[in-house]
Amino acid sequence: MTLDFEGIVKEKTGGKGLPPFVMRFLKHFLHLDFINTYVEKGDVGVDFCVGTLEYLKVKLVVEGLENVPKDHSRYTFVSNHPLGGVDGVAIAGQIGTHFGEMTMLVNDFLLALPGLRPLCIPINKTGGQSRMLPKLISEAFDSQKHVLIFPAGLCSRLIDGKVQDLPWTKTFINQSIRTQRDIVPVHFIGENSKRFYRIARLCKFLHLKFNLAMAFLPDELYKSQGKTFTIKFGKPIPYTHFDSSRTTAEWAAWMREEVYKI
């Protein structure tokens, strides 16, 4: 089982596909042979996440696991999203290894990875699937699994000279209160290449509707080989803390700030 790149392209282009020379360039640029070499191993779920880091020879420094009680509570894990690839599988691997079954809300492009698919709830804000989005999110929070969410929606950008998330959406606050889940803040420390941030800034300047920067994330994943990243887990914040003293949007902004303080 491998990544069906041709199928993905046809789906995203309404069945039209792309010229052969463009496909050859993309396969090379996206390092598909490198990715498929690991995908063919057949690891699934948390094993896929852990195995991905081993394949990339990525090292993790993990702090604060002792802050999260292993008392069978259902938690909402919320994190900044600096890389858009390694950070997701790294945090998912830690949650699944240390705290039990989990699911994560991700861009639907990641469903193309067979090994990752069982862990994912696809989030696509455009097209027909967007009508199902509220139901999918509610089902994830209603489950007995831990939920990992990156409230910024997109990976971090260079803002005011610092690599940081865009404003966080409030969905995780509303859903955590509704399902009585305490929220665990997670801070992932890492950055993409300077080229990535230049492209993201150019996209914003040109007001491009297509997220061109996302197309460069597989290359950023490839470049992460041999690097060391840090994950910091904070103490769970009770869902009762998020009271009427602030709006849910204000609480989401407050949580974003708390993550960066860890």
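The figures that follow rest on heavy atoms only: side chains count, while hydrogens, waters and symmetry mates do not. Keep in mind that this is a model prediction, so the values were computed, not measured.
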Measuring from [X]:[atom1] to [Y]:[atom2], what's the distance to the nearest 0.5 Å?
X      : Y      : atom1 : atom2 : result
Arg74  : Thr179 : CZ    : OG1   : 5.0 Å
Ile91  : Ile231 : CD1   : CD1   : 5.5 Å
Ile159 : Arg157 : CD1   : CZ    : 8.5 Å
Leu53  : Lys59  : CG    : NZ    : 13.0 Å
Ile121 : Thr103 : CD1   : OG1   : 4.0 Å
Ser73  : Phe99  : OG    : CZ    : 11.5 Å

- prompt: Which pairs count as salt bridge (charged side-chain N to carboxylate O under 4.0 Å, His left out) when at least one residue sits in residues 251-262, sequence neighbours excluded?
  reply: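 Qualifying pairs: Glu258-Lys261.
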Residue pairs involving residues 165-187 (criterion salt bridge (charged side-chain N to carboxylate O under 4.0 Å, His left out); sequence neighbours excluded):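 Listed once each, the pairs are Asp142-Arg178.
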I'd like to know if [Y] and [X] are part of one continuous hydrophobic network [Ile/Leu/Val/Met/Phe/Trp/Tyr, side-chain heavy atoms within less than 4.5 Å].
X      : Y      : value
Val50  : Val44  : no
Val259 : Tyr239 : no
Trp251 : Ile262 : no
Tyr260 : Val78  : no
Val62  : Met102 : yes

task: Start with the C-alpha distance between Val58 and Thr52, add both sets of side-chain angles, then the distance that settles side chain to side chain contact (heavy atoms under 4.5 Å, CB included), and finish with yes or no.
output: CA-CA 9 Å; Val58 164; Thr52 296; over 6 Å; no
So, using ring pair (Phe, Tyr, Trp, His ring centres under 6.0 Å) as the criterion, who are the partners of [X] when residues are at least two apart?
X      : value
Phe233 : none
Tyr222 : His31, Phe34
His146 : Tyr75, Phe77
Phe229 : Phe188

task: Only counting residues at least two apart or in another chain, list the ones meeting side-chain contact (heavy atoms from CB on, under 4.5 Å) with Thr230.
output: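 Counting only residues at least two positions away or on another chain, Thr230 forms a side-chain contact (heavy atoms from CB on, under 4.5 Å) with Val61, Glu63, Ile189, Lys232.
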query: Which residues pass the side-chain contact (heavy atoms from CB on, under 4.5 Å) test with Ile137, sequence neighbours left out?
result: Leu105, Ile123, Leu133, Phe141, Thr171, Gln175
query: Which is it for Leu158 and Arg201 under the side chain to side chain contact (heavy atoms under 4.5 Å, CB included) test, yes or no, and what are the steps along the way?
result: CA-CA 8 Å; Leu158 189 62; Arg201 187 165 58 245; 3.9 Å; yes
Side chains of [X] and [Y] in contact at under 4.5 Å (non-hydrogen atoms):
X      : Y      : answer
Cys49  : Leu116 : yes
Asn192 : Pro82  : no
Pro236 : Pro69  : yes
Asp160 : Lys162 : no
Met255 : Ile173 : yes

task: For atom CD of Glu139, decide whether the heavy atoms of other residues, nucleotides or ligands shown that lie under 6.0 angstrom number more than 12.
output: yes
With distance as the sole test, does [X] use its side chain to make a donor-acceptor pair with the main-chain N or O of [Y] at under 3.5 Å?
X      : Y      : value
Glu220 : Ser193 : yes
Asn67  : Leu65  : no
Tyr38  : Tyr55  : no
Thr97  : Gln94  : no
Ser138 : Lys135 : no

Which heavy-atom pair separates [X] from [Y] by the least distance, and what is that distance?
X      : Y      : value
Leu217 : Gly84  : CD1-O, 3.7 Å
Gly85  : Leu221 : C-CD1, 4.4 Å
Val184 : Gly234 : CG1-O, 3.6 Å
Ser224 : Leu56  : OG-CD1, 3.8 Å
Leu136 : Pro122 : CD1-O, 3.9 Å
Val163 : Ser156 : CG1-CB, 3.8 Å

- prompt: What do the steps show when you test Val106 against Leu148 for side chain to side chain contact (heavy atoms under 4.5 Å, CB included), and what is the final call?
  reply: CA-CA 9 Å; Val106 301; Leu148 168 61; over 6 Å; no
Non-neighbouring partners of [X] that pass salt bridge (charged side-chain N to carboxylate O under 4.0 Å, His left out), sequence neighbours left out:
X      : answer
Lys223 : Asp219
Arg246 : none
Asp47  : none
Glu191 : none

- prompt: Ring centres of Trp168 and His81 under 6.0 Å apart?
  reply: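 No.
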